[in-house]
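Order of listing sets the numbers, starting from 1, for every ligand and every atom in it. In what follows, residues are counted from 1 in the order of the sequence shown.
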Amino acid sequence: MENEVWLNRQARRTLDRLKPRLETHFKDFSKKESGAWQGYLDRLELYFPHLFQLLFRLYGTQYDFFFHLENLLQSVTQSWIDRPADLKTLDASRLQKPHWFQSNAMLGGVCYVDLFAGDLEGVRQKIPYFQELGLTYLHLMPLFKAPERENDGGYAVSSYREVNPVLGSIAQLSDLAAELRAAGISLVLDLVFNHTSDEHQWAQHARLGDLEYQEYYRIFPDRQIPDAYEANLREIFPDEHPGAFIFHPDLDQWVWTTFHRYQWDLNYANPAVFNRMAEEMLFLANLGVEVLRLDAVAFIWKELGTNCENLPQAHLLIQAFNAVARIAAPALLFKSEAIVHPDEVARYISAGECQLSYNPLLMALLWNSLATREVRLLRQALQNRCQLPPGCAWVNYVRCHDDIGWTFSDEDAQELQIDGYSHRKFLNSFYTGRFKGSFARGLPFQENQKTGDSRISGTCASLVGLEKALREETVLEIDLAVSRILLIHGILMTLGGIPLIYLGDEIGTLNDYRYRLDPAKASDSRWVHRPFTDWGRYEKRRDVNSIEGRIFSGLHRLIELRKQHEIFGEGLFEIIRVENDHVLAYIRSLSSQRVLVFANFSEDEQIIPANILRLYGVGYRFIDLSSQEHIPFADLILGPYALICLGDA
Ligand code: GLC
Ligand code: GLC
């Protein structure tokens with residue numbers, strides 16, 4: 001506490017000292033636009049003390065702390081001055097309505113620019129389609145300059161200020177952001193800030209022997225320190241390289257590369273790296289990006305003797321980036337990508353850190369429920385692990401461009417007498433189709449012989465059984481697969497948070513095995529679920545007799561359902577006990593309104609006793625919100641994989 005008081009006093013003193021220097025440095029602007037300048041200074045007063053404290057905790061013992069701090073403040077101020085007027089207007093409107101993203105109107109989509117539409121111009125032309133679907137949030141996968149051959153689907157960034165020339169230009173990107181915004185769609189991009197590609201200018205300088213830039217990365221002369229670190233590290237992509245370091249022949253040294261050998265981890269122990277990345281971040285914000293997906297947050301700080309994941313300093317860093325955003329680009333939000341233990345996922349989520357987060361636990365447990373036909377783990381997680389602090393929201397998804405990892409907690413599983421290790425083995429066997437009777441057609445990803453660990457690749461449709469059913473031409477199985485898709489998406493639409501659809505899933509896109517023919521992709525099975533979009537198949541979405549049309553129209557009804565009822569956005573959530581492990585049941589409530597949701601995770605009919613409806617409903621009369629039909633007060637029959645939302649009649 002005393003420390004806090006002292007830090008606060010230091011922060012105030014520092015600001016008092018730096019403010020006049022800022023005024024001098026930016027005197028033209030501050031004179032010309034004195035009103036706006038004052039507004040900026042007010043935000044600085046509000047957020048600088050916190051920023052100071054965070055940076056002091058990270059870098060306070062370094063002799064050049066104040067030098068870096070002043071540099072940061074100058075570049076942050078410059079970025080704010082450069083921020084286009086329309087985005088400053090957006091800042092003001094978001095500050096007025098800070099919880100806008102919790103609305104039931106929100107619907108997210110994600111795609112690769114090239115795979116979905118060729119290039120940025122192609123994406124622009126798809127705006128009418130995004131509107132047809134109802135999107136209000138569009139995550140475009142990494143589209144910046146990257147090495148030509150392997151680049152981890154763009155997650156090896158060579159410049160944060162240049163669009164990959166094959167996709168378009170920066171001018172096109174900012175125009176696209178504005179056009180999307182005009183269409184009611186917020187642009188989401190990644191901030192890949194744990195690493196850069198080995199072709200980034202910083203890495204190039206480092207390779208040529210520039211010591212200043214070598215300090216931007218984690219580079220070691222021999223194996224001594226890498227060995228010491230590796231004693232505690234998890235291997236992320238063991239197929240690509242074991243451990244976390246590679247030997248670089250130009251440097252004749254070892255470089256920290258958590259992911260691929262061409263993705264060099266940045267050294268955030270160096271305050272210059274924080275400053276430079278803050279500049280890149282604000283550059284993206286000023287293009288009109290409204291949400292930054294913070295890539296691989298768990299890995300950004302390293303400390304000898306730990307597993308170098310989810311360290312306290314990682315949180316301080318993200319909070320510091322967030323404070324910078326509050327000062328210079330207040331509309332900007334962060335979404336955390338932490339695919340780790342649920343306790344750790346939760347730690348990234350707060351108004352002062354990441355306001356949004358992927359919900360990998362929900363994702364994994366939806367798949368678990370489909371495989372086991374029971375909802376115990378899912379129910380337990382929703383009850384105990386999914387409440388968020390105010391001003392924050394989950395981004396709920398059934399799959400993304402990455403693999404599915406079984407990140408539930410072993411302790412939670414234990415409570416239900418489930419052994420985590422063997423259950424994961426079962427899930428991997430089920431989703432690779434090796435388990436007898438499995439409907440799924442997924443591929444293993446990063447099967448690790450040493451640890452027995454493995455993850456799963458596959459599109460939603462292939463994992464729910466559509467691929468197998470179509471191949472075997474079994475009508476009943478096709479129906480069940482379609483119902484499974486609608487069931488899990490139905491949960492996303494009614495649970496709260498922002499539902500996120502991997503574009504292509506809404507028409508039942510299957511695995512595409514052709515990635516195996518491309519040497520730059522063949523060793524990474526995640527490419528099986530990142531196919532080129534077949535626009536011919538999209539055309540069929542209007543034919544309700546086609547598979548595409550059945551899935552699209554079913555999903556569209558669910559989206560409409562969400563958009564018509566405010567309760568599916570900001571309403572409260574509570575699990576209902578139904579004494580039936582095949583059925584997930586919950587209540588959404590908003591002031592005096594209630595909606596009861598029942599989801600059957602099995603292919604057999606399930607019956608919910610009328611008594612349960614009486615217990616949890618407001619009255620005795622219900623209406624099925626999808627069909628608008630009145631439901632008599634009686635036992636409720638749930639068909640195979642049915643999802644029913646009951647409102648008060
Ligand atoms: C993130 C991305 C993943 C990528 C990794 C390295 O986890 O989602 O696709 O391989 O970061 O950037
Ligand atoms: C690991 C990482 C996650 C990344 C994924 C890529 O699970 O924790 O950040 O997305 O690997 O496969």
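- Of all atoms in ligand 1, listed by their number and element, those nearer than 4.0 Å to a heavy atom of Q263 are 6 (C), 12 (O).
- Near H401, the atoms of ligand 1 lying under 4.0 angstrom from a non-hydrogen atom of the residue are 2 (C), 3 (C), 8 (O), 9 (O).
- A salt bridge between E290 and R181 is present, with a side-chain N of the basic residue lying under 4.0 Å from a carboxylate O of the acidic one.
- Salt-bridge annotation for R223 and E230: present, with a side-chain N of the basic residue lying under 4.0 Å from a carboxylate O of the acidic one.
- The option from V157, D152, T258 that lies nearest to atom 6 (C) of ligand 1, judged by heavy atoms, is D152.
- For ligand 1, the atoms sitting less than 4.0 Å from at least one non-hydrogen atom of F237 are 10 (O), numbered in the order shown with element in parentheses.
- Using modelled atom types, no side-chain atom of S462 and backbone atom of G442 make a donor-acceptor pair closer than 3.5 Å.
- Between H195 and Y155, the gap from one ring centroid to the other reaches at least 6.0 Å.
- Close contacts of ligand 1 with D295, meaning ligand atoms under 4.0 Å from a residue heavy atom, involve 1 (C), 2 (C), 6 (C), 7 (O), 8 (O), 11 (O), 12 (O).
- Side chain of R484 to main chain of V464: a donor-acceptor pair is present (N/O by atom type, distance under 3.5 Å, no hydrogens or angles).
- Residue-ligand proximity, H195 to ligand 1, at heavy-atom distances under 4.0 Å covers atoms 6 (C), 12 (O).
- Near R526, the atoms of ligand 1 lying under 4.0 angstrom from a non-hydrogen atom of the residue are 3 (C), 4 (C), 9 (O), 10 (O).
- Taking the six-membered ring wherever Trp is involved, the centroid distance between the rings of Y502 and Y397 does not fall below 6.0 Å.
- Residue contact annotation: R293 has a non-hydrogen atom under 4.0 Å from ligand 1.
- A donor-acceptor contact under 3.5 angstrom links the side chains of T196 and Y217, judged on distance only.
- For ligand 1, the polar-atom distance check finds no N/O of H260 at less than 3.5 Å from any of the ligand's N/O atoms.
- Within the listing of ligand 1, atoms 2 (C), 3 (C), 7 (O), 8 (O), 9 (O) sit less than 4.0 angstrom from a heavy atom of D402.
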